[in-house]
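Heads up: numbering here begins at 1 and tracks the sequence. Here the structure is a predicted model, which means the values were calculated and not measured. Counting starts at 1 for both ligands and their atoms, in listed order.
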Amino acid sequence: MTTPLLSVKNLSKTYRGPGGKDVLAVRGVSFDLAPREILGLVGESGSGKSTTGRLVLRLEDATTGEITFNGQRIDTLPQRALRPVRREMQVVFQDPYAALNPRMTVGKFVSEPMEIHKITAGRTETRDRVADLFKQVGLDPSFMDRYPHEFSGGQRQRINIARAISISPKLIVADEPITALDVSIQAQIVNLFSDLQEQLGLAYLFVAHDLAMVRFLCHRVAVMLRGRIVEIAPTESLFQNAQHPYTQALISAIPIPDPARERARRALSYTPDEAALSGELREVSPGHFVLQA
Ligand SMILES: Nc1ncnc2c1ncn2[C@@H]1O[C@H](COP(=O)(O)OP(=O)(O)OP(=O)(O)O)[C@@H](O)[C@H]1O
Ligand SMILES: [Mg+2]
């Protein structure tokens, strides 16, 4: 077993909801992510996927838990000590336009992290590097002096990805990075993530809800329900042998591309109760863990 790149132990986040009622957004979440590994995070809306991503990135502070990145505890680091950590950990969000600065050329936007971290020496080197990054994500380098509104959604997400890889991170947290895109180009962006992972040896924490895409891209998958991980397993083990009724329901809802089999598909319904959310993760086959009482 290699040393994990990221290790999360017993992570929790409680928000004060409307009327002072506590919202347990994340409850006792633990997982490891190996270098070069893609871990998918799936589950219904509000299950705590984005919160988990934000906690890992230290965009928010956890209520409890430990986060170890690259062998270093980062949950206890003050914000000012996070700068070297931020170099190794980047983010790609769902809405590619919101992430961009409408008044900044996209080339400048891509170069910003390199300037903040003083990676390139001077303007020429920066422009050359930006041109390389544009090519790497499938954009024409001559576009670098244009503004975000001149690009399509898919191109905008390519720009965000170029920025994320610009300072050679080890980990990218991607929060539904294809959900807002036109269906016809989603596969292209997923392929780009896949290619870059191989070429650059990146690890991803990949929040998604398209399970067919998750099956294609991810090495392992964690299923979240109401703040908990209810099942985590190597991808094929999860899809072929789902154990938790919630995972089974999620998988039964995936359309099958073959019409005959699609007609025979029966979606399972599942209503979670507290019993299904208590207990602990138990290993049912190698690397395959299920929440059990
Ligand atoms: N800043 C906040 N203040 C209060 N409650 C919050 C905040 N952020 C998230 N929550 C609540 O925490 C829970 C988990 O939210 P989160 O955004 O992590 O879910 P998600 O799995 O990413 O959902 P989605 O699939 O809709 O993006 C939800 O109940 C949400 O309403
Ligand atoms: Mg979310």
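Below the 2.8 Å limit, the Mg ion (ligand 2) has as protein N, O or S neighbours Ser50 OG.
When hydrogens are left out, the protein atom nearest atom 3 (N) of ligand 1 is Tyr15 CD2, 3.5 Å; that is the closest non-hydrogen contact. For atom 26 (O) of ligand 1, the nearest non-hydrogen atom of the protein is Ser45 OG, 2.5 Å. In terms of protein heavy atoms, atom 14 (C) of ligand 1 is closest to Gly46 O, 3.4 Å. Looking only at heavy atoms of the protein, atom 27 (O) of ligand 1 is closest to Ser50 OG, 3.9 Å. Counting only heavy atoms of the protein, atom 30 (C) of ligand 1 lies nearest to Val23 CG1, 4.8 Å.
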Please lay out, stage by stage, how Ser50 and Asp175 fare under the test side-chain hydrogen bond (donor to acceptor under 3.5 Å, both in side chains). CA-CA 6 Å; Ser50 296; Asp175 191 351; 2.6 Å; yes
Take Thr51 and Lys49, measure what side-chain hydrogen bond (donor to acceptor under 3.5 Å, both in side chains) needs, and give me the verdict at the end. CA-CA 5 Å; Thr51 304; Lys49 307 179 298 293; over 6 Å; no
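Residue-level proximity to ligand 1 for Thr51 is carried by backbone and side chain together, each with a heavy atom below 4.0 angstrom. Contacts of Glu176 with ligand 1, taken as heavy-atom pairs under 4.0 Å, involve the side chain alone. Residue contacts with ligand 1, taken as heavy atom pairs separated by less than 4.0 Å, do not involve Glu60 at all.
Taking only nitrogen or oxygen atoms, main chain and side chain alike, Lys49 reaches within less than 3.5 Å of ligand 1. The distance criterion of under 3.5 Å between nitrogen or oxygen atoms is not met by Ala25 with respect to ligand 1.
Of the N and O atoms on the side chains of Glu231 and His288, at least one donor lies less than 3.5 Å from an acceptor on the other residue. One side chain, Ser7 or Asp32, offers a donor N or O that lies under 3.5 Å from an acceptor on the other.
Aromatic ring centres of Phe151 and Tyr97: separated by at least 6.0 Å. Aromatic rings of Phe193 and Tyr204 (six-membered ring for Trp) have centroids within the 6.0 Å cut-off, being under it.
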Tabulate below the donor-acceptor pairs under 3.5 Å that side-chain atoms of residues 177-190 make, not counting sequence neighbours, or state none.
| from | atom 1 | to | atom 2 | distance (Å) |
| --- | --- | --- | --- | --- |
| Thr179 | OG1 | Glu176 | O | 3.4 |
| Thr179 | OG1 | Glu176 | OE1 | 2.6 |
| Asp182 | OD1 | Ser184 | N | 3.3 |
| Asp182 | OD1 | Ser184 | OG | 2.8 |
| Gln186 | NE2 | Ile178 | O | 3.0 |
| Gln186 | NE2 | Leu181 | O | 3.1 |
| Gln188 | OE1 | Arg158 | NH2 | 3.2 |

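Residue contacts with ligand 1: Gly48 is included, with a non-hydrogen atom under 4.0 Å away. Contact between Gly17 and ligand 1 is absent, with no heavy atom of the residue lying under 4.0 Å from the ligand.
Distance screen at 4.0 Å: atom 20 (P) of ligand 1 has a protein heavy-atom neighbour inside the cut-off.
A cation-pi arrangement is present between Arg163 and Phe109, with the terminal nitrogen or guanidinium carbon under 6.0 Å from the aromatic centre and inside a 45° cone about the axis.
Salt-bridge check for Arg36 with Glu198: failed, with every basic side-chain N at 4.0 Å or more from each acidic carboxylate O.
Taking both residues in full, the closest heavy atoms of Ile229 and Ala222 are given as CD1-CB, 4.1 Å, listed atom of the first, atom of the second, then distance.
No option in Gln136, Glu112, His117, Met114 other than Met114 meets the side chain to side chain contact (heavy atoms under 4.5 Å, CB included) test with Ser166.
Phe134 has its side chain out of reach of Asp140: every pair of non-hydrogen atoms, C-beta onward, lies at least 4.5 Å apart.
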